Each structure stands twice: as structure tokens, then as C-alpha cells.
Amino acid sequence: MNKAISTMLLVILLISVAIAGCSTGSQVTTPTEKAIKLTIGTTNAVNDINIVDDSFSKFKARTVCEGLIIQNPDGSFAPCLAESWENPDASTWIFHLRKNATWHDGVPVTAKDIKFNLEYYPAKIAEYKQHWGQIDSVETPDNHTVVIKLKTPNSNFLTNLMVMRAVPEHIFKDVSDPKTFNDMNATIGSGPYKFVGFDKDAGILRFKAYDNYWGGKPSVDTIEIRIFKNQDTMIMALQKGEIDTTYMYSKGIDYYYVPKLLQDNDIGISIMNSTGVTALFFNTERPVLNNATFRRAISYAIDYNELNNLFTAGYGEPGTRGFLPASSYNYEDKGLLAQDVSQSKKLLDSIGMIDRDGDGFREAPDGKKFQPELLTRTDVADYPRISDVVKKYLNAVGIDVRIKLVDKATFQKIANTEKTHDMLISSTTPWGMMTWCGYGSCYFDSRNIGYTMTKDPVYTSIVDRIFNTTDVAAQKQLAYEMQDYYASEMPAIAFYTSNVIQPYNKKYEGWTYDPMYGIMSYGTFFNLHEA
């Protein structure tokens with residue numbers, strides 16, 4: 001499918017699909033008289049029902065376990081368990097909880113529960129040390145007030161709270177290892193749905209509307225999530241009417257299925273922009289990789305149009321020099337990245353990287369053999385293929401890159417904990433691009449996830465200044481400054497950004513896209529109705 005046809009289809013599809021909005025988390029529509037059972041297909045595998053299981057936690061985030069706030073479809077923040085909040089300064093955040101929210105066992109939700117969550121998750125789950133590591137103290141002056149004080153100012157702290165999936169203190173206070181707590185009590189939350197059960201052999205998760213939910217009863221009464229081993233069988237189930245839609249966290253279905261689905265009159269397709277990026281990240285703490293000229297040289301070795309065509313078929317855009325996609329908040333056009341093999345070789349020559357032994361590959365500037373590893377996950381089908389293509393590009397300019405294929409758990413251990421990688425390929429998520437100080441900073445700053453382990457005072461100064469200001473104009477200027485840094489220093493190279501392709505059964509209307517969780521949104525669950 002060429003780019004012109006893809007663009008035309010995109011316009012037609014966007015015009016033909018009406019995606020209903022939900023203005024805030026506390027304002028929901030009256031559910032339809034006929035209760036709806038919604039069946040969702042996914043390829044996100046669930047191992048068990050504990051709070052550590054990554055896929056299960058994401059499925060619970062808009063069904064069972066709520067946080068203090070949520071996002072509206074337009075990306076703005078909306079009340080959830082907190083009906084209001086204020087921040088007298090960027091270091092103090094005060095939340096006022098709803099007085100009618102209860103856990104699914106009937107116990108009221110209190111400020112002490114929220115304090116417990118903010119302390120329990122970082123103590124038990126490593127990722128939350130990054131998400132909430134800036135918290136200095138949590139105070140609960142009464143049952144419905146939570147005061148969070150930060151170690152340093154953070155004007156973007158609400159984004160960090162988006163990953164809260166609150167659980168009750170009275171259930172979890174004696175759970176020392178949440179990974180082994182797979183009792184049904186581990187699924188008690190305060191959201192619009194109660195967890196009913198997990199048929200592990202069949203790969204089916206079931207949820208039922210909670211009658212005493214503070215926000216009223218959703219129009220979708222029952223949710224069933226069916227886990228598929230691959231997209232082929234999932235799409236077949238969609239066309240047979242066995243599922244109503246598909247869901248994979250932070251992404252849509254593969255473009256490959258679009259032509260077939262367009263011929264099915266019972267299936268609709270919506271296409272949304274994504275702020276996620278598939279990219280090459282350099283560990284800037286490693287020799288040679290810490291040289292910005294080397295990183296710029298590699299950027300010229302990549303054929304971005306080929307990558308975009310191979311892996312999005314026109315349902316995406318090539319990477320930008322400023323890393324952020326054009327649909328990003330406070331985007332500034334730094335131009336698209338472009339291949340120039342001659343320039344790549346010239347830059348490598350300029351830093352003394354030449355082929356000294358005649359084997360066709362360049363040695364490091366100090367004359368030693370240079371064979372950097374490219375860390376790649378095997379659980380994402382495209383990643384090994386991308387790695388092979390990137391290896392071809394780098395080999396062509398004399399870089400003897402070695403691909404290291406690992407599973408998801410090993411990848412996270414190496415990249416997130418040990419930080420022993422040279423280079424890695426990964427896709428950012430929309431929430432990942434928003435968190436820390438925003439603008440993808442969590443993937444760069446060594447104080448957070450830090451794939452690039454960036455400790456450059458120039459960069460950390462930009463991050464800290466964003467944290468310290470709530471002025472909109474100043475924030476925008478700093479966002480431009482950050483994109484200037486990405487464009488000049490190249491700690492990561494953006495390959496492409498993909499559109500989210502979301503199919504659904506036309507018998508229902510009211511599908512709502514959440515910037516963080518896609519169609520797994522309150523808008524969908526409260527507004528869905530028969531066409």
C-alpha cells in the first residue's frame with residue numbers, strides 16, 4: 001500500500017468514525033437500558049492476577065483499580081478518586097478525596113489507603129521507585145485529604161500519578177511479597193468493575209460492573225478479555241463476531257490486517273496519532289557511544305523512509321531530529337532525519353574510527369576492536385526484524401554491531417536495573433513520553449528509566465527547570481530547548497512513529513480513545529451503546 005493510498009484511507013476512516021468523549025472522570029453518561037457484554041481480544045499475556053503482573057495491571061487500570069486522577073480524551077487531567085486538588089507550589093500537592101468511594105468489599109476508601117499505596121508500591125515494585133521517587137512525605141490530616149510533599153519541585157507530578165492502581169490497605173498491609181499474592185482479594189479495587197475470575201487454561205479474564213461505584217453504573221455491564229497467542233487468530237475471532245474489539249497496551253493492530261478488515265461491513269476502524277516512538281537508544285556512559293559525533297554519524301547511516309515503509313506501511317511517519325513526533329505537545333519542527341551514508345563515514349573518520357586491520361569494520365579511536373551490542377526484545381515481533389535491518393545499515397558504514405536477543409524480563413533487568421547495555425531498540429509509550437518532566441525525558445535522564453543514562457548537566461538543567469516552572473510560556477520554551485538538545489546530541493535516534501489502528505464491531509457506538517489506555521477507557525465503558 002503506497003503512501004498516497006494510505007493517506008486517503010486515513011482521511012476516509014477518520015471522517016467515518018465518531019469517537020465519543022467523556023468530559024471528566026466524575027461526569028458519566030446515563031447507561032443504556034440494555035446491559036452490554038463487551039468481549040475484547042488481546043495478545044498481551046497475563047501470567048497471574050497479582051499486582052506485579054504487567055499486563056493484568058494495565059487491564060485493571062480502567063476497570064478495577066483507580067488512581068487519584070485520570071486523563072480526558074484530549075489529554076487534560078480529570079478527577080477520579082480525588083474530586084479536586086491544588087498545588088500551592090510545585091513541591092506540594094493536596095488532594096481531596098470523594099466521600100462516597102468504596103472498595104469492592106464495601107469498606108470506604110480513605111486518605112490512609114492512598115498514603116499506603118504511595119509507600120507500598122515503591123517498596124515492592126522497582127518501577128515505582130522511579131515513578132514516585134521524588135515523594136518526600138505523605139500526610140493525611142483527615143480521612144479525605146492527602147498532602148504529598150516532594151523532595152524537589154515537579155510541575156509535572158500529576159503525570160507520575162497516572163500509574164496509580166490503588167489497592168486497599170486492609171488487604172495488602174500484611175502482604176510482604178505481592179508477586180506471590182494471587183488470591184481473589186488481590187484484585188479488590190474501587191473502580192467501576194469487580195474482577196470475577198481468570199480462566200488461565202482458556203485465557204479469559206472476566207469483569208462485572210460494581211453496583212456501588214461512586215460514579216454510577218456503566219453501560220457496559222460485563223467485560224470479557226480473551227487472550228490470543230497471535231494477531232492472526234485474534235483478527236479471525238473479530239471477523240467471526242467472537243470478540244467486539246482488540247486491545248494491546250499503547251498500540252493498535254498491525255497495518256497488515258487493514259485491507260482485509262476494510263472489506264468487512266461489520267468492522268469499523270479508527271486511526272489515532274500516537275506520541276510513541278520506535279527508536280535506537282545509546283548508553284552514553286559507554287566508551288565511543290559517549291561521543292556525540294559518533295551518535296550523529298550513526299543517525300546518518302539509517303534509512304528512515306525504508307524503516308517507515310517496512311514497519312508501518314505508511315501508517316506512520318519517519319523519525320524527527322528532535323525525537324518527538326509532530327503530534328506531541330509543545331512540538332518544534334527540527335526537521336526529519338535523513339540517510340546520508342557519505343556523511344556518516346566522514347564523521348566516523350573524523351573521530352579516528354577507521355578500519356586498521358582490513359576486516360571491513362572500524363576500530364575504536366584507541367585502536368581497539370569495536371563490537372557494540374544491540375539489545376533487542378524477542379516478545380515484540382518487529383524488534384528482531386528491525387535489529388536485522390539496523391545491523392545492515394551499521395555494517396554498511398563499518399560498524400560491527402552484534403545483536404543480543406533477550407526476553408522481556410531479561411531486557412528489563414539489563415536496561416532498567418543493571419544499565420549494562422550498549423545500545424537498545426525499544427518503543428516509547430504515550431505515558432512514557434509524558435512522565436518525569438515530559439517530552440520523553442524518562443527514557444534519557446539517568447535519574448529515571450534512563451535508557452541513554454544521560455547525566456549531562458546541560459540536559460539535567462533543562463529537566464530541572466521544567467520541574468520548577470508552572471508558567472506555560474516558559475514550559476514551551478524549555479520544551480524547545482530540550483528538542484534542540486536531542487537534535488544536536490543525539491542520545492537516541494527516532495526511527496519512526498506509528499499510528500494506532502483500532503478495529504471495532506460496528507454494532508456498538510460510543511468507542512472512546514484514552515491517551516494512555518486506548519479504548520480501555522471510562523468513555524467507552526460508560527458511553528457504549530448499540531448502533
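Please read these numbers as outputs of a predicted model, since none were measured by experiment.
Using cut-offs of 30° and 60° for the angle between ring planes, the Phe411 and Tyr451 rings count as perpendicular. Between Trp436 and Phe467, the ring planes lie perpendicular to each other; the angle is over 60°, past the 30° to 60° tilted range. The aromatic rings of Phe281 and Tyr443 lie tilted to each other, with the angle between the two planes from 30° to 60°.
Residues Ile40 and Met520 form a side-chain contact, since some pair of their non-hydrogen atoms from C-beta on lies under 4.5 Å apart. Two residues are said to be in side-chain contact when any heavy atoms from C-beta on lie closer than 4.5 Å; Thr454 and Thr460 fail this criterion. Asp54 is listed as a side-chain neighbour of Lys408, based on a closest heavy-atom distance under 4.5 Å. Contact of the Leu280 side chain with the Ile425 side chain is registered, since non-hydrogen atoms from C-beta on lie closer than 4.5 Å. Put simply, the side chain of Phe228 does not reach to within 4.5 Å of the side chain of Thr246, judged on heavy atoms. For the pair Phe495 and Val390, the minimum side-chain heavy-atom distance is below 4.5 Å.
Of the possible polar contacts, none joining the Ser461 side chain to the Val458 backbone as a donor-acceptor pair under 3.5 Å is found. Proximity of a side-chain donor or acceptor of Thr497 to a complementary backbone N or O of Ser274 within less than 3.5 Å is detected. Side-chain N or O atoms of Thr63 include one that pairs as donor or acceptor with a backbone N or O of Phe59 at under 3.5 Å. Although no hydrogens or angles enter the test, the distance criterion places a donor-acceptor pair under 3.5 Å between the side chain of Thr245 and the main chain of Pro503. Under the 3.5 Å distance criterion, the side-chain polar atoms of Asp333 are matched with a main-chain donor or acceptor of Gly335. Side-chain N or O atoms of Thr524 include one that pairs as donor or acceptor with a backbone N or O of Ile519 at under 3.5 Å. Remark: side-chain polar atoms of Gln130 are not paired, donor with acceptor, to backbone N or O of Ala126 under 3.5 angstrom. Distance alone, capped at 3.5 Å, is enough to place a donor-acceptor pair between the Lys151 side chain and the Gly133 backbone. Counting only distance, with no hydrogens or angles, the side chain of Lys391 and the backbone of Val401 share a donor-acceptor pair below 3.5 Å. Counting only distance, with no hydrogens or angles, the side chain of Thr512 and the backbone of Gly510 share a donor-acceptor pair below 3.5 Å.
Taking CZ of Phe95 as the reference point, atom CG of Asn87 lies at 8.0 Å (rounded to 0.5 Å). Between Ile69 atom CD1 and Phe77 atom CZ the span is 5.0 Å, to the nearest 0.5 Å. Taken to the nearest 0.5 Å, the CG atom of Leu374 stands 4.5 Å off from the OG atom of Ser387. In this structure, Asn468 CG and Thr152 OG1 are separated by 7.5 Å, a value rounded to the nearest 0.5 Å. The OG1 atom of Thr452 lies 14.0 Å from the CE atom of Met423; values are rounded to the nearest 0.5 Å. The structure places CZ of Phe282 at 9.0 Å from CE of Met490, a figure rounded to the nearest 0.5 Å.
Here Phe444 and Tyr485 keep their ring centres 6.0 angstrom or further from each other.
Between Asp349 and Lys346 no salt bridge is recorded (no basic side-chain N to carboxylate O distance below 4.0 Å).
Contacts of Val397 classified as side-chain contact (heavy atoms from CB on, under 4.5 Å), with partners at least two apart in sequence or in another chain: Ala301, Val341, Ser344, Lys345, Leu348, Ile399. For Ser55, the side-chain hydrogen bond (donor to acceptor under 3.5 Å, both in side chains) criterion is met by no residue, not counting sequence neighbours. Remark: Asn156 pairs with Thr159 by the side-chain hydrogen bond (donor to acceptor under 3.5 Å, both in side chains) rule, at least two apart or across chains.
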Salt bridge (charged side-chain N to carboxylate O under 4.0 Å, His left out) evaluation trace for Arg447 with Asp464: CA-CA 11 Å; Arg447 297 170 293 181; Asp464 292 343; 3.1 Å; yes
Derivation and outcome, side-chain contact (heavy atoms from CB on, under 4.5 Å), residues Val147 and Lys149: CA-CA 6 Å; Val147 181; Lys149 294 186 177 179; 4.2 Å; yes
Verdict with supporting geometry, Leu478 and Met482, side-chain contact (heavy atoms from CB on, under 4.5 Å): CA-CA 6 Å; Leu478 287 166; Met482 182 169 281; over 6 Å; no
Verdict with supporting geometry, Lys124 and Ile51, side-chain contact (heavy atoms from CB on, under 4.5 Å): CA-CA 10 Å; Lys124 302 297 183 180; Ile51 65 171; over 6 Å; no
Trace of the side-chain contact (heavy atoms from CB on, under 4.5 Å) decision for Ile253 with Met248: CA-CA 8 Å; Ile253 63 168; Met248 287 84 75; 4.1 Å; yes
Intermediate values then yes/no, salt bridge (charged side-chain N to carboxylate O under 4.0 Å, His left out), Lys251 and Asp382: CA-CA 13 Å; Lys251 61 184 295 186; Asp382 282 347; 5.9 Å; no
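Taking each heavy atom of Gly432 and Cys442 in turn, the nearest pair found is O-SG, 3.3 Å. Contact record, Pro515 with Gln71: CB-OE1, 3.8 Å, taken as the closest heavy-atom pair. Trp132 and Asn117 make their closest contact through CZ3-O, 3.4 Å (heavy atoms, listed as atom of the first residue, atom of the second, distance). When all heavy atoms of Phe370 and Glu363 are compared, the pair lying nearest together is CB-C, 4.2 Å. Counting all heavy atoms, side chain and backbone alike, Gly440 lies closest to Leu324 at N-CD2, 4.5 Å. Contact detail for Met453 and Thr284: the closest heavy-atom pair is O-OG1, 3.4 Å.
In summary, the side chains of Asp445 and Ser441 do not present any donor paired with an acceptor at a separation below 3.5 Å, with no hydrogens or angles considered. Between the side chains of Glu306 and Tyr393, at least one donor-acceptor pair of N or O atoms lies under 3.5 Å. Gln475 and Thr469 share no side-chain donor-acceptor pair at under 3.5 Å. With hydrogens and angles left out, the side-chain atoms of Thr429 and Ser250 include no donor and acceptor closer than 3.5 Å. With no hydrogens or angles considered, no side-chain donor-acceptor pair links Asn527 and Tyr522 at under 3.5 Å. If you check the side chains of Tyr439 and Tyr480, you find no donor sitting under 3.5 Å from an acceptor. Side-chain N/O atoms of Asn154 and Gln134 include a donor and acceptor closer than 3.5 Å. Checking Tyr383 against Thr278 by side-chain atom types alone, no donor-acceptor pair falls below 3.5 Å. No hydrogens or angles considered: nothing links the side chains of Arg295 and Ser299 as a donor-acceptor pair under 3.5 Å. In this model, a donor atom of one side chain and an acceptor atom of the other lie less than 3.5 Å apart for Asp400 and Gln371.
Residue Lys413 places its NZ atom among 12 or fewer non-hydrogen atoms of other residues, nucleotides or ligands, all under 6.0 Å distant. When the shell of 6.0 Å around NZ of Lys334 is examined, it contains more than 12 heavy atoms from other residues, nucleotides or ligands. Within 6.0 Å of atom NZ in Lys392, more than 12 heavy atoms from other residues, nucleotides or ligands are found, so the atom counts as buried in its surroundings.
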